[in-house]
Amino acid sequence: MSEPAMDPETRSGGCHCGRVRFTARGAFGAAISCNCSICGKRGHWLAFVPARDFELEQGADSLSDYQFNHRRIHHLFCSTCGVGSFGRGTAPDGSAMVAVNVRCLDDVDLAAVTVTPYDGRSA
């Protein structure tokens, strides 16, 4: 990718050890970098897709769920390698969404991703 991909594309990704694998359809040329208490420590770059555009292909039995504060977001991570490749939650309009960690997509050119800071710490 030489320019940020803003058109929807289907990409595969997963955790470090390979137990968790998924495909997602979305615009992955842009992501947010949130500074909330968990995202700031994990270093995620997040792109959001409707839940209908996300398919967990393998590893449901390897996922652990961490929730805190209002418990609205399911911060999922592989119980073997500890990588959080995606999370589940609800979009502002009430629809189910998935936050994909762009860093966990296969063969993504991170230098081509437009990253926008988000002040989740104050939200």
Side-chain angles (χ1 to χ4, degrees):
M1 293 181 355
S2 59
E3 292 183 0
M6 299 314 259
D7 292 328
E9 59 181 330
T10 300
R11 302 291 301 254
S12 296
C15 67
H16 184 258
C17 72
R19 290 182 189 262
V20 175
R21 296 291 304 161
F22 64 84
T23 57
R25 179 158 179 78
F28 300 114
I32 68 158
S33 175
C34 178
N35 68 354
C36 77
S37 61
I38 194 165
C39 291
K41 291 184 182 291
R42 294 175 109 185
H44 288 173
W45 286 358
L46 301 173
F48 299 89
V49 301
R52 69 180 175 276
D53 292 339
F54 181 90
E55 182 177 350
L56 181 60
E57 295 178 352
Q58 69 183 45
D61 58 339
S62 295
L63 290 172
S64 290
D65 186 3
Y66 177 69
Q67 295 180 313
F68 66 100
N69 198 7
H70 298 288
R71 299 184 181 271
R72 286 184 269 201
I73 301 171
H74 294 269
H75 300 274
L76 301 168
F77 61 95
C78 175
S79 60
T80 300
C81 67
V83 170
S85 53
F86 70 95
R88 296 184 186 273
T90 305
D93 67 1
S95 63
M97 65 89 187
V98 176
V100 175
N101 182 356
V102 174
R103 292 177 177 268
C104 291
L105 294 172
D106 297 339
D107 303 318
V108 68
D109 179 3
L110 293 176
V113 176
T114 301
V115 180
T116 302
Y118 175 75
D119 187 10
R121 188 174 295 160
S122 299

- Query: In the hydrophobic clustering (ILVMFWY, side-chain contacts below 4.5 Å, transitive), which residues join Y118, or is it alone?
  - Reply: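 So far as hydrophobic clustering goes, Y118 is joined with I32, L46, F48, M97.
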
Could you work out, with side-chain contact (heavy atoms from CB on, under 4.5 Å) as the rule, every residue matching [X], not counting sequence neighbours?
X    : value
F77  : R42, S64, Y66
R121 : N35, D119
T116 : none
S12  : R21, T23, D106

Specify the closest pair of heavy atoms between [X] and [Y], including all atoms of both residues, with the distance to one decimal.
X    : Y    : answer
V102 : A31  : CG2-CB, 3.9 Å
A47  : A27  : CB-O, 4.2 Å
S33  : V115 : CB-CG1, 3.6 Å
C78  : C81  : SG-N, 3.5 Å

Under the side chain to side chain donor-acceptor pair (under 3.5 Å) test, residues paired with [X] that sit two or more places apart:
X    : value
R103 : none
E55  : none
D61  : none
H74  : D65, Q67

- Atom pair CG (N101) and CG (L76), whose distance is rounded to the nearest 0.5 Å: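 One finds 12.0 Å between CG of N101 and CG of L76.
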
- Task: Any chance you could measure L56, atom CG, to L63, atom CG, to the nearest 0.5 Å?
- Result: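 If I round to the nearest 0.5 Å, the distance is 6.0 Å.
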
- Going by heavy atoms in the side chains, are F28 and V108 under 4.5 Å from each other?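 Not touching, per the 4.5 Å side-chain cut-off.
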
- Item | Heavy-atom side-chain contact between F22 and V100 under 4.5 Å |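 Heavy-atom side-chain distance check passes, below 4.5 Å.
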
Between side-chain atoms of residues 13-20 and protein atoms elsewhere (two or more places apart, or another chain), which donor-acceptor pairs fall under 3.5 Å?
{"from": "R19", "atom 1": "NE", "to": "T80", "atom 2": "OG1", "distance (Å)": "3.1"}

- Could you label the plane-to-plane angle of the F54 and F86 rings as parallel, tilted or perpendicular, counting under 30° as parallel and over 60° as perpendicular? tilted

- Any side-chain hydrogen bond (donor to acceptor under 3.5 Å, both in side chains) involving residues 82-97? Give me the pairs, sequence neighbours left out, ordered by first then second residue. D93-S95

- Message: Any side-chain to backbone donor/acceptor pair from H44 onto G84? Under 3.5 Å, distance only.
- Response: yes

